[in-house]
Structure formats: C-alpha cells, structure tokens
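Note sheet for the following structure.
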Amino acid sequence: MTKVLKPQDFAGDSHELAPALIGAILLVNGVGGRIVETEAYDRADPASHSFSGPTPRNQAMFGPPGRAYVYRSYGIHWCLNFVCREEGHGAGVLIRAIEPLQGIDLMRARRGLEDLRLLCSGPGRVGQALAITHELNGCRLDRPPFQVLPAPEKTPVVAGPRIGISKAMELHWRFGLSGSRYLSRNFL
DNA sequence: CGAACGATTAGCT
DNA sequence: GCTAATCGTTCGA
C-alpha cells in the first residue's frame, strides 16, 4: 500500500514544492506517470495568474492547498496545477511534463500519437493525455480520480527560467528531472 | 462593450 | 525558426 500525498504536504512555498514534486507519480483514473517537469507560481509573482488577486478563473488558487487548479490555455489546451501554500495565498505548481508509465495505450489514443517522448512533454499535452478538463478544477489531489505518490528521497533536480512567460524572467522557477528525455525542453 | 492577450502546440518553411 | 489556430479572461473606454 503506497502512501499518497495529503493536503498538508502541499502547504509549502511553490518554489520549494515544485522541485520536491519532481519524481512524484501522478495518476488520473489510473493513467499517468512520473512528474519530470514543473514550474512554480506565486501571488507575489508578476507572471502568475494570481498576481492581481482572486478572479473567477483563478479562484481555485486561492482555495485550500492540495487541490487542482485547471485553466484553459490559448483557448485550446487544459493545463493542470497543484494549489499550494496556505488557503487564500494564491500559489501553485504547474505540471509541465510527465514520463508515461501507466495507461500508455489510452494516452496514445487520446493524443492520436505513438511517440512516447511526445505523449506528455508539455503542459497542454499532459492535459490531453490525462483527460484533464475544467471539471477537475478545485478537486482534491488525494482523492479519486487523482492519485499523487511522493518522489523518492534522492531525485536529481535541475532548475532554469520558466517557459512561455513575458514577466519575471529572472526567477528560475522551472524544475526538471536531470537527464530525463521526457522534458518539454532541455535545460541549458 | 470592445479589444488585446496569453503558464501552448502542431505543422510548415 | 515562424505562425496559425482558437476562445475565455482581463482591462480599458
């Protein structure tokens, strides 16, 4: 019986939780794999959706930690975040890439793609492969359909600038599993 | 009420 | 490397 991460495990700062989640297992209805890339976002961070305070879209970020914040990206993709820190703070960790491990055939069917390497290597791709939609916004991560298992003690993590943002580029809040071939992009 | 803009991706040059 | 696709959210008038 493997222990799942509980809400209190998500109570830390986003830039501390994001690297700690590298190597953790994320499953949605039993489908998913190992988290190999994350990014941290914070209320005091101009690049964060929560920077300007609560709005209808980002309300989940201001709710209790240990829940999902799901948003639509570019009108096309669904992206998954883990809400962290204490309730009302508006911090979260974006799940940018996972290494496919379970339900691979189903993920291939959802993505219309064979290549393992392209299956979940990007936040929009993760959303499509795991069938993430707005219905999961605000849902607890320690209950079905979610399952999040902790990362091993020794997990080599690398950091770098976040991707696709135009503000706060100096914050190196993108984290990856060192040497993984399932990253959305390599680290310099 | 209108307009600009994305925490992106796939496909083409 | 460059750009279209596509639409909800946010902000200014």
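The figures that follow rest on heavy atoms only: side chains count, while hydrogens, waters and symmetry mates do not.
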Under the rule for salt bridge (Lys or Arg N to Asp or Glu O under 4.0 Å), what residues qualify as partners of [X], not counting sequence neighbours?
X      : answer
A/E114 : A/R108
A/K167 : none
A/D9   : none
A/R34  : A/E99

Give me each pair satisfying salt bridge (Lys or Arg N to Asp or Glu O under 4.0 Å) with a member in residues 55-75 of chain A, each pair once, sequence neighbours excluded.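 Counting only pairs at least two positions apart or across chains, no salt bridge (Lys or Arg N to Asp or Glu O under 4.0 Å) contact touches residues 55-75 of chain A.
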Exercise answer: donor-acceptor pairs, residues 125-139 of chain A side-chain atoms, under 3.5 Å, sequence neighbours excluded:
unit_1	atom_1	unit_2	atom_2	d
A/R125	NH1	A/S121	O	2.9
A/R125	NH1	A/S121	OG	3.1
A/Q128	OE1	A/R111	NH1	2.7
A/Q128	NE2	A/R110	O	3.3
A/T133	OG1	A/E135	N	3.2
A/N137	OD1	A/V70	N	2.9

Which pairs count as ring pair (Phe, Tyr, Trp, His ring centres under 6.0 Å) when at least one residue sits in residues 110-133 of chain A, sequence neighbours excluded?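 Residue pairs with at least one partner in residues 110-133 of chain A: there are none.
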A/Y71 ring center within less than 6.0 Å of A/H49 ring center: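 Ring centres of A/Y71 and A/H49 closer than 6.0 Å.
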Taking a pair as Watson-Crick (N1 to N3 plus N6-O4 or O6-N4) or G-U wobble (N1-O2 and O6-N3), both under 3.5 Å, which stems of 3 or more consecutive pairs involve DNA chain B?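 Stem segments, range with range: B:1-6 with C:7-12, B:8-12 with C:1-5.
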Could you work out, with side chain to side chain donor-acceptor pair (under 3.5 Å) as the rule, every residue matching A/H77, not counting sequence neighbours?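 Residues passing side chain to side chain donor-acceptor pair (under 3.5 Å) with A/H77: none at all.
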Protein-to-nucleotide contact annotation, 5' to 3' order, nucleotides 5-13 of chain B [B base; S sugar-phosphate only; - none; under 4.0 Å, heavy atom]: -BBBSS---
Pairwise P distance, C/dT6 and B/dG2 [rounded to whole Å]: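 Nearest-Å result for B/dG2 against C/dT6 at atom P: 23 Å.
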ring-ring contact (aromatic ring centres under 6.0 Å, His included) partners for A/F10, two or more places apart: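 Partners of A/F10 by the ring-ring contact (aromatic ring centres under 6.0 Å, His included) criterion, ordered by chain and then number, come out as A/F82.
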Could you give the start and end, 5' to 3', of the contact zone on DNA chain C for chain A, using atoms under 4.0 Å from its heavy atoms?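 The protein-touched segment is C/dA5 to C/dC11.
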